[in-house]
Number of protein chains: 2
Amino acid sequence: MRQLPPLNALRTFEASARNGSFAAAGKELFVTASAVSHQIKTLEDYLGVQLFSRSGRTVELTPAGQQYLVSVKHALNEIEVATHRLTASKETNVVQISVAPNFLTRWLMPRMSRFREMFPDIELQINASVGLLDFNQSSTDMAVYYGGGEWDDIEVFFLQKVLLVPVCSPKLLESGHPLQVPGDLRHHTLIYVSTRMWEWESWFQVAGSEYITPKDSLQLSSSQLTTAAAQESLGVALADLTLTSREISSGNLVVPFDIPLDTRKAFYLVHQKNRPLTVAMKAFKEWLITEIQASDVYGAEHSGSLPGTGR
Amino acid sequence: MRQLPPLNALRTFEASARNGSFAAAGKELFVTASAVSHQIKTLEDYLGVQLFSRSGRTVELTPAGQQYLVSVKHALNEIEVATHRLTASKETNVVQISVAPNFLTRWLMPRMSRFREMFPDIELQINASVGLLDFNQSSTDMAVYYGGGEWDDIEVFFLQKVLLVPVCSPKLLESGHPLQVPGDLRHHTLIYVSTRMWEWESWFQVAGSEYITPKDSLQLSSSQLTTAAAQESLGVALADLTLTSREISSGNLVVPFDIPLDTRKAFYLVHQKNRPLTVAMKAFKEWLITEIQASDVYGAEHSGSLPGTGR
DNA sequence: GAGAGTGCTGAGAAAAATTCATGGTAAGTA
DNA sequence: TACTTACCATGAATTTTTCTCAGCACTCTC
């Protein structure tokens, strides 16, 4: 037994707030401004709370109205997305994916042409984004997440562990101080991802060395940038071996110490729970998993604790 | 410009699905079964999708209907919660909090009486829960989370770092193999939290010791249980020093090696973003933060990297 | 200070939701 | 098998809700 406000009035409320005007909202909803005014009044009477403050010919959301709007917008958006998903043809060839930036540029992009060869009919609409997304609020179909694999209310498929090794440009290795033991890093610039400052410290632990104070340090906001900086001879960064394998085999990057730090994080393919996948979505998912197994540098080389598939 | 289905029909749809019957839904909504039938039909015509399969005198959700129901329920629930929050008196003395179990039993519970002394008017409704919760879907006002402090769309306040030390019962130490160096743990049972198996391995790294294979091992599902198991002389567990300080000072637990493992996780107080707090919520929040600073065992003793306040 | 733009209000008109009457189907029961 | 009951569908009638219209008020702009 629910206790809900007049729902149509909510639609009017949201449109009015969005447009900042009853008249404009009326235009959007194909009704007169008067109808909008009536609706808002009905809602305000029901709630017993003033949602808009009127002064002359302008209206403005009250603080209460603003707070309420956030939830109303969110809820209506969810309804809109769900309705669209239900209505839309089950057999579209378009797959919308959201991908962790580093994985996108260093892994997916280089292999896109292979995918398009295999599935010329499927159109991938790709979006780079860090962090989680709400599948109930977005038309995105699938995503590649970076993290611990512990996420609620979504289907999670393990793709690839992230093990970090130090990387630098070959030029740095020639011209600078030699790197024979981890401690030699004290004479170099260490490049940090600013949100993951501890990674170097952990790496030294694994390498069985004291944490050293580097000659210099550089903080960048993403692993994409730190790897690029290492390539530009700005210092030594920690990078995932698989993702940088092209740069390594081409000689743009070298690995001074083949000591991997297991971050216990990984890349995962995720999508909404209990959602029937389209043929295109299935194709992409299976291609991704197959392709990743073929490209995975670790697996055989460094056997670590087995990563779960995320609950 | 939104594209929304008839919203009132959604309410009817949700009630019908929940009740598993149009007649029952009608009763709930104070209308006839016929009205419900009409509404559902309108919705199905709009969507172009069958939501219920009718066979004789029974109705059942189709797969499409089930999928749609999830979102509709979610959205209506959000509206209900938001509406209730808006309508409810701003000045209630009730605060609903959800707390990580270990923190609840070992920290908050023992201090509850102090809170009630200071604020006899405020009623705390406490709920133990692991994992995140959606403040838009729940009437919970605040929560104590355990984790890395990186959560989106909520206000986060740092409370206390979690640093783990080995703990066991004094009896175990007397009767069993002595514990002089970390390696001696090989002769004991190690107690693991099953979802955080790596913690012992990391601790050995910090302790500067090889990871040993214990004589025996025990897996339990929460740190609450592992601590209890250690107390029962079942083995050696990793526990937070602050949370177990009572057991330690009372002699029920001892710390064989005062080597803390920084898990980079912590307890945080969180609540909805942009939400005006009630007087009672503010009181609890401030009490909690003050009290925690007074009780924090670390801080002075082990200076580690400073924990952020979580964006 | 006239005109345009916006919002409010109340009464009537239009639209939507509900009921009512009727008919169909399946399951339980004598 | 026939009867009863519980449930849902449908179309027409009715009630309720929503919308429009017309008149008024306010204020910003020129």
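Just so it is clear, the model here is predicted, and its values are computed rather than measured. Chain identifiers are assigned alphabetically (A, B, ...) following the order of the sequence lines, protein sequences preceding nucleic acid strands; residue numbering begins at 1 within each chain.
Between L159(B) and I289(B) there is a side-chain heavy-atom pair separated by less than 4.5 Å.
Separating the OG1 atom in T83(B) from the CG atom in L43(A) is a distance of 8.0 Å, to the nearest 0.5 Å.
With sequence neighbours excluded, the residues that form a side chain to side chain donor-acceptor pair (under 3.5 Å) with S223(B) are N102(B). Considering only residues two or more places apart in sequence or on other chains, Q67(B) meets the side chain to side chain donor-acceptor pair (under 3.5 Å) condition with none of them. Applying the side chain to side chain contact (heavy atoms under 4.5 Å, CB included) criterion to S194(A), with sequence neighbours excluded, gives Q219(A), S221(A). Partners of L132(B) according to the side chain to side chain contact (heavy atoms under 4.5 Å, CB included) rule, which considers only residues two or more places apart in sequence or in another chain, are Y145(B), W151(B). With sequence neighbours excluded, the residues that form a side chain to side chain contact (heavy atoms under 4.5 Å, CB included) with E155(B) are F157(B), H271(B), K273(B). Considering only residues two or more places apart in sequence or on other chains, T62(A) meets the side chain to side chain donor-acceptor pair (under 3.5 Å) condition with none of them.
A 4.0 Å heavy-atom criterion places the boundary nucleotides of DNA chain C facing chain B at dA17(C) to dA27(C), written 5' to 3'.
Nearest-nucleotide mapping onto DNA chain D: of A35(A) and R54(B), the residue sitting toward the 5' end is R54(B).
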Let me check something: any side-chain donor-acceptor pairs from residues 115-128 of chain B under 3.5 Å, sequence neighbours excluded? List them with distances.
from	atom 1	to	atom 2	distance (Å)
E123(B)	OE2	Q125(B)	NE2	3.3

Distance-only criterion, 3.5 Å: show the donor-acceptor pairs between side-chain atoms of residues 13-26 of chain A and protein atoms not counting sequence neighbours.
from	atom 1	to	atom 2	distance (Å)
E14(A)	OE1	R18(A)	NE	3.4
E14(A)	OE1	R18(A)	NH2	2.7
E14(A)	OE1	R2(B)	NE	3.2
E14(A)	OE2	R18(A)	NE	3.0
E14(A)	OE2	R2(B)	NE	3.2
E14(A)	OE2	R2(B)	NH2	3.3
S16(A)	OG	T12(A)	O	2.8
R18(A)	NH1	E28(A)	OE1	3.0
R18(A)	NH1	E28(A)	OE2	3.4
R18(A)	NH2	E28(A)	OE2	3.0
N19(A)	ND2	A15(A)	O	2.7
N19(A)	ND2	E28(A)	OE1	3.1
S21(A)	OG	A23(A)	N	3.2
S21(A)	OG	A24(A)	N	3.0

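Among the protein residues, V36(A) comes within range of no part of the nucleic acid, since none of its heavy atoms lies under 4.0 Å from any strand.
Of the residues in residues 38-51 of chain B, those placing a heavy atom less than 4.0 Å from an atom of DNA chain D are H38(B), K41(B), in numerical order. Within residues 8-33 of chain B, the residues that place at least one heavy atom under 4.0 Å from DNA chain D are, in residue-number order, S21(B), F22(B), A23(B).
By the neighbour-count criterion of 12 heavy atoms within 6.0 Å, atom CD of E60(A) is sparsely surrounded, having that number or fewer from other residues, nucleotides or ligands. Within 6.0 Å of NZ on K27(A) lie no more than 12 heavy atoms contributed by other residues, nucleotides or ligands.
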Protein-proximity profile, nucleotides 23-30 of chain D, B/S/- by nucleotide at the 4.0 Å heavy-atom cutoff, equals ----SS--
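Remark: the backbone N or O of Q96(B) is paired with a side-chain donor or acceptor of D141(B) at under 3.5 angstrom.
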